[in-house]
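Working notes, structure below.
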Amino acid sequence: MRWFWIDRFTEFVRDKRACAIKNISFGEEPLDDYQPGHPHYPHSLMIEGMAQTGGLLVSEPGGFRTKTVLAKVSKAVFHRLVVPGDQIHFEAVIQDKQPTGAIIEGTIRVGGEIIAELELWFAFLDERFGESALFPPEDLLRTLRILKMFDVAVDQNGNRIGPPAHMIEAEKEAAKAFARSAD
């Protein structure tokens, strides 16, 4: 995955809610040219960070095999700007989930203050959109480990959630292919 707008997960409860953080620094590339002289974090990237938090929440129960895409931003209310030095807290809560998609309610906070309220709709794409995964499983697994999702992920009974078996297998195959290419 090329762009990620969250730094790590702090809470993840299967089919219920996920929380993640993003630290905003003055060195963030998006702040360079976005309203020069008045650096602040773009609202569009906060929506994308919430979409990543919520999208992973709604796709995890299926082992990340379902192609999940952001289909609609049905609500996005921002109360103040986010500036360098702020730490964004994303909270995504599943409101509805059906075989064709899901809706999450998102709240973004900085230091406990509500900065934004969102409602996002996700679509689960079927076979008409191709059989290949949106992301190679070994790459997605590496990203999820960097985001420390499996460090905090539990099911609704509090049992730890580990990486899906197919992703671990893809990671092993990728490692073998890399080792063969080095010979």
Side-chain angles (χ1 to χ4, degrees), residues 1-22 41-79 88-109 114-170:
M1 300 190 145
R2 187 167 173 193
W3 300 105
F4 238 84
W5 304 109
I6 57 178
D7 289 339
R8 70 176 163 89
F9 281 93
T10 58
E11 183 180 347
F12 192 101
V13 181
R14 177 180 281 164
D15 265 338
K16 189 173 180 184
R17 61 184 249 137
C19 298
I21 60 169
K22 167 75 177 155
Y41 199 64
H43 292 163
S44 58
L45 296 183
M46 287 190 271
I47 292 172
E48 182 62 25
M50 183 62 73
Q52 292 171 351
T53 303
L56 290 169
L57 174 65
V58 300
S59 62
E60 183 279 329
F64 303 102
R65 291 182 185 266
T66 304
K67 294 179 182 177
T68 304
V69 297
L70 176 62
K72 180 179 178 181
V73 178
S74 55
K75 175 183 171 186
V77 178
F78 293 87
H79 302 291
I88 298 173
H89 293 252
F90 296 99
E91 179 183 15
V93 178
I94 293 178
Q95 298 301 303
D96 189 25
K97 191 172 179 187
Q98 302 293 325
T100 57
I103 300 171
I104 67 113
E105 179 180 282
T107 304
I108 299 174
R109 291 181 174 83
I114 294 177
I115 302 301
E117 300 164 90
L118 308 166
E119 183 178 88
L120 306 180
W121 292 34
F122 295 91
F124 301 142
L125 304 181
D126 60 24
E127 64 281 351
R128 292 176 292 166
F129 295 90
E131 293 184 15
S132 62
L134 290 176
F135 307 102
E138 64 276 17
D139 292 348
L140 179 56
L141 179 56
R142 183 174 40 251
T143 300
L144 295 174
R145 285 183 171 144
I146 291 168
L147 297 174
K148 301 192 180 303
M149 192 192 106
F150 298 111
D151 292 4
V152 297
V154 295
D155 65 18
Q156 292 194 15
N157 295 320
N159 301 308
R160 297 283 308 260
I161 297 172
H166 76 95
M167 295 175 88
I168 292 173
E169 188 58 36

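Excluded from the calculations below are hydrogen atoms, water molecules and symmetry mates; all remaining heavy atoms, backbone and side chain alike, are included.
- From K72, atom NZ reaches atom CG of L70 across 11.5 Å, with rounding to the nearest 0.5 Å.
- By the neighbour-count criterion of 12 heavy atoms within 6.0 Å, atom NZ of K97 is densely surrounded, having more than that number from other residues, nucleotides or ligands.
- Between I47 and A76, the closest heavy-atom pair is CD1-CB, 4.2 Å.
- Considering M46, E91, H43 in turn, M46 is the only one that fulfils the side chain to side chain contact (heavy atoms under 4.5 Å, CB included) rule with I108.
- When side chains are defined from C-beta on, F150 counts as touching L141, because their heavy atoms get closer than 4.5 Å.
- Smallest separation of non-hydrogen atoms from T68 and S59: OG1-CB, 3.4 Å.
- From L45, atom CG reaches atom CD1 of I6 across 13.0 Å, with rounding to the nearest 0.5 Å.
- Side chain of D155 to backbone of N157: a donor-acceptor contact under 3.5 angstrom is found.
- Side-chain atoms of V58 and I94, non-hydrogen and from C-beta on, do get closer than 4.5 Å to each other.
- Of the inter-residue distances, the one linking K148 atom NZ with T10 atom OG1 reads 13.0 Å to the nearest 0.5 angstrom.
- Interatomic distance, CD1 of I161 versus CD of Q156, reported as 9.0 Å (0.5 Å rounding).
- Between Q95 atom CD and E119 atom CD the span is 7.0 Å, to the nearest 0.5 Å.
- The closest side-chain heavy-atom distance from H79 to E117 is below 4.5 Å.
- Considering only heavy atoms from C-beta on, F78 comes within 4.5 Å of L118 through its side chain.
- Here the side chains of P163 and R145 are in contact, with some heavy-atom distance below 4.5 Å.
- In this structure, A20 and T53 approach most closely via the heavy-atom pair CB-OG1, 3.8 Å.
- In this structure the side chain of I21 reaches within 4.5 angstrom of the side chain of H89, judged on heavy atoms.
- Among all heavy-atom pairs drawn from G63 and H166, the shortest one is O-NE2, 2.8 Å.
- Taken to the nearest 0.5 Å, the CG atom of L120 stands 10.5 Å off from the CD atom of E105.
- Shown here for Q98 and F124, the closest heavy-atom pair between the two residues is O-CE1, 3.4 Å.
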Kindly indicate, with the supporting measurements, whether the criterion side chain to side chain contact (heavy atoms under 4.5 Å, CB included) is fulfilled by Q52 and F90. CA-CA 10 Å; Q52 292 171 351; F90 296 99; over 6 Å; no

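- What you find for K22 and Y41 is that their closest heavy atoms are CE-OH, 3.5 Å.
- F9 places a side-chain heavy atom less than 4.5 Å from the side chain of L56.
- With a 4.5 Å cut-off on side-chain heavy atoms, F64 and L144 count as touching.
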